[in-house]
Amino acid sequence: MHNSPLPLPTHLSPGPGDIRALPRWDVFCQVVDNFGDIGVCWRLARQLAGEFCIHVRLWVDDLASAARLIPGLDLQAAVQHQEGVAIHRWEPDFSDEQAADVVIAAFACPLPDVYKRAMAARNQRPVWINLEYLSAEDWVAGCHGLPSPQPGLPLVQHFFFPGFDAASGGLLREADYAARQAAFDPDAWWQTRVGMPRPLDALTVSLFAYENPGLAPLLDVWARGARPVVCLVPEGRVLADLAAWSGQPGLKAGDGLQRGALRLQVLPFVPQQAYDELLWACDLNFVRGEDSFVRAQWAAKPLVWHIYRQEEEAHMVKLEAFLARQGAGLDTAARNAQEAFWRAWNGSEGGMGVAEAWPALEAALPRLAAHGQAWAREMEALGDLASGLLKFCKLAVQ
Ligand code: TRH
């Protein structure tokens with residue numbers, strides 16, 4: 001399979017550095033927790049195979065997590081093909097010695113020793129990429145693309161950082177994203193996915209978050225508010241908080257409840273492709289981690305980010321870096337409103353609480369919506385991460 005001739009996609013130039021010189025890619029994904037690791041890897045692998053005709057093997061050490069995002073995955077299969085990607089179960093006794101032309105270690109996951117030896121034994125050394133976490137911090141620009149020679153091995157690893165400016169690797173975005181978004185029919189979606197007409201008079205919200213002490217006060221504010229709020233909650237970790245607040249244990253997909261002006265509706269966790277639709281269908285999106293955070297930016301709606309917690313509050317630095325960067329083009333009131341609410345949602349000490357910060361955020365939503373569109377256009381103009389990665393690998397091949 002790996003040696004079959006590849007048709008060259010028209011958007012890739014032939015000649016020196018031709019991507020046909022790098023036809024086989026391996027992506028290694030270690031699932032640390034939740035869905036972000038596999039979410040990013042699957043999205044990238046799917047795009048590399050679908051848009052660039054690359055033979056991608058995606059090595060995953062936790063197929064059960066992957067199965068939540070990839071419909072029809074067989075948990076027992078050692079190898080299976082989905083959307084042009086060969087998904088391999090990454091076992092502790094890894095023994096594959098067919099090192100690929102490009103090797104991506106997602107989020108610095110350690111590669112199996114036997115595989116590293118196979119990489120070193122190749123005449124043309126593989127391009128070894130460490131695909132890093134997303135951050136808006138300024139130091140990213142100085143580290144993106146840096147080589148890291150590997151002690152004891154004739155191999156060089158390269159750091160590839162996603163990011164929000166031209167000095168970084170950009171963000172994952174599929175070539176057909178705009179067309180899919182334009183074809184989206186929100187009325188049909190609300191009817192089929194939520195089982196109700198699209199509520200035109202209500203503020204519609206999607207809620208994807210970790211456990212959060214700010215949730216109960218926020219739900220109280222929405223329930224007491226003058227404006228109806230319809231909040232759609234995909235099944236997941238936040239449901240326990242929701243159950244505690246509502247006094248209704250065991251909430252599951254399909255359940256709904258009304259408290260004052262607030263209607264809560266629990267939705268199933270959907271395959272990754274379908275998650276975009278939830279974001280397009282709502283006025284305000286609460287997202288978390290990394291991949292959903294990026295998708296909410298492409299959806300170009302106001303968003304609230306529940307950042308993944310790190311030791312010594314390192315995540316708060318990342319939160320502030322993004323707020324400063326993305327908020328730069330906002331008027332002061334909208335910017336302050338966004339900052340105060342995001343800090344409160346992430347449990348920042350010394351600031352406002354979530355309930356206190358909500359009215360200003362609500363008032364700023366129209367401005368945040370317009371700004372979200374401008375921000376998405378700005379990010380799109382940088383070029384997408386997969387295309388940038390291809391260019392980088394063509395130059396880095398030894
Ligand atoms: O799940 P996350 O919190 O993931 C992570 C991990 O914790 C990881 O270790 C950490 O490093 C990282 O965050 C920062 O959030 P994330 O990144 O948004 O991933 C969720 C994925 O789940 C994303 O690809 C979207 C997808 N998804 C669906 O496919 N269907 C759904 O219904 C929903 C709600 C999400």
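Order of appearance sets the numbers: ligands from 1, and atoms from 1 within every ligand.
Here the protein heavy atom with the shortest distance to atom 32 (O) of ligand 1 is Val270 N, 2.9 Å. Nearest non-hydrogen protein atom to atom 23 (C) of ligand 1 is Asp291 OD2, 3.3 Å. Here the protein heavy atom with the shortest distance to atom 2 (P) of ligand 1 is Arg288 NE, 3.4 Å. In terms of protein heavy-atom proximity, atom 4 (O) of ligand 1 is closest to Gly36 N, 2.8 Å.
Within 6.0 Å of CG in Asp138 there are 12 or fewer heavy atoms belonging to other residues, nucleotides or ligands.
Scanning Asp33, Asn34, Val32 for the heavy atom closest to atom 8 (C) of ligand 1 points to Asp33. With atom 18 (O) of ligand 1 as the reference point, the heavy atom nearest to it among Ser292, Ala296, Cys41 is part of Ser292. The heavy atom nearest to atom 14 (C) of ligand 1, out of those in Gly289, Ser65, Ala209, is found in Gly289. Closest heavy-atom approach to atom 27 (N) of ligand 1 within the set Phe35, Trp42, Phe269: this belongs to Phe269.
In summary, the atoms of ligand 1 found under 4.0 Å from a heavy atom of Tyr210, numbered by their order in the structure, are 2 (P), 3 (O), 13 (O). Distances below 4.0 Å separate heavy atoms of Gly39 from the following atoms of ligand 1: 24 (O). Residue Leu69 has at least one heavy-atom neighbour below 4.0 Å for each of these atoms of ligand 1: 24 (O), 29 (O).
At a heavy-atom distance under 4.0 Å, only backbone atoms of Pro271 (N, CA, C or O) approach ligand 1. With a heavy-atom cut-off of 4.0 Å, Pro234 touches ligand 1 through its side chain alone.
In summary, the aromatic rings of Trp305 and Trp345 are positioned with their centroids too far apart to meet the 6.0 Å limit. In this structure, Phe94 has its ring center closer than 6.0 angstrom to the ring center of Trp59.
Residue contact check for ligand 1: Tyr133 places a non-hydrogen atom closer than 4.0 Å to it.
A cation-pi arrangement, defined by a distance under 6.0 Å to the six-membered ring centre and an angle within 45 degrees of its axis, is present between Arg173 and Trp298.
Donor-acceptor pairing under 3.5 Å is recorded for the side chains of Gln338 and Gln326. If you check the side chains of Arg295 and Gln297, you find no donor sitting under 3.5 Å from an acceptor.
Lys301 places a side-chain N or O within donor-acceptor distance of the main-chain N or O of Cys282, the cut-off being under 3.5 Å. Side chain of Trp25 to backbone of Leu22: a donor-acceptor contact under 3.5 angstrom is found.
The pair Asp101-Arg122 meets the salt-bridge criterion, since a charged nitrogen lies less than 4.0 angstrom from a carboxylate oxygen. Looking at Asp165 and Arg325, a side-chain N of the basic residue comes within less than 4.0 Å of a carboxylate O on the acidic one, giving a salt bridge.
Between Glu290 and ligand 1, at least one N/O pair is under 3.5 Å apart. On a distance-only criterion, Gln272 and ligand 1 share at least one N/O pair closer than 3.5 Å.
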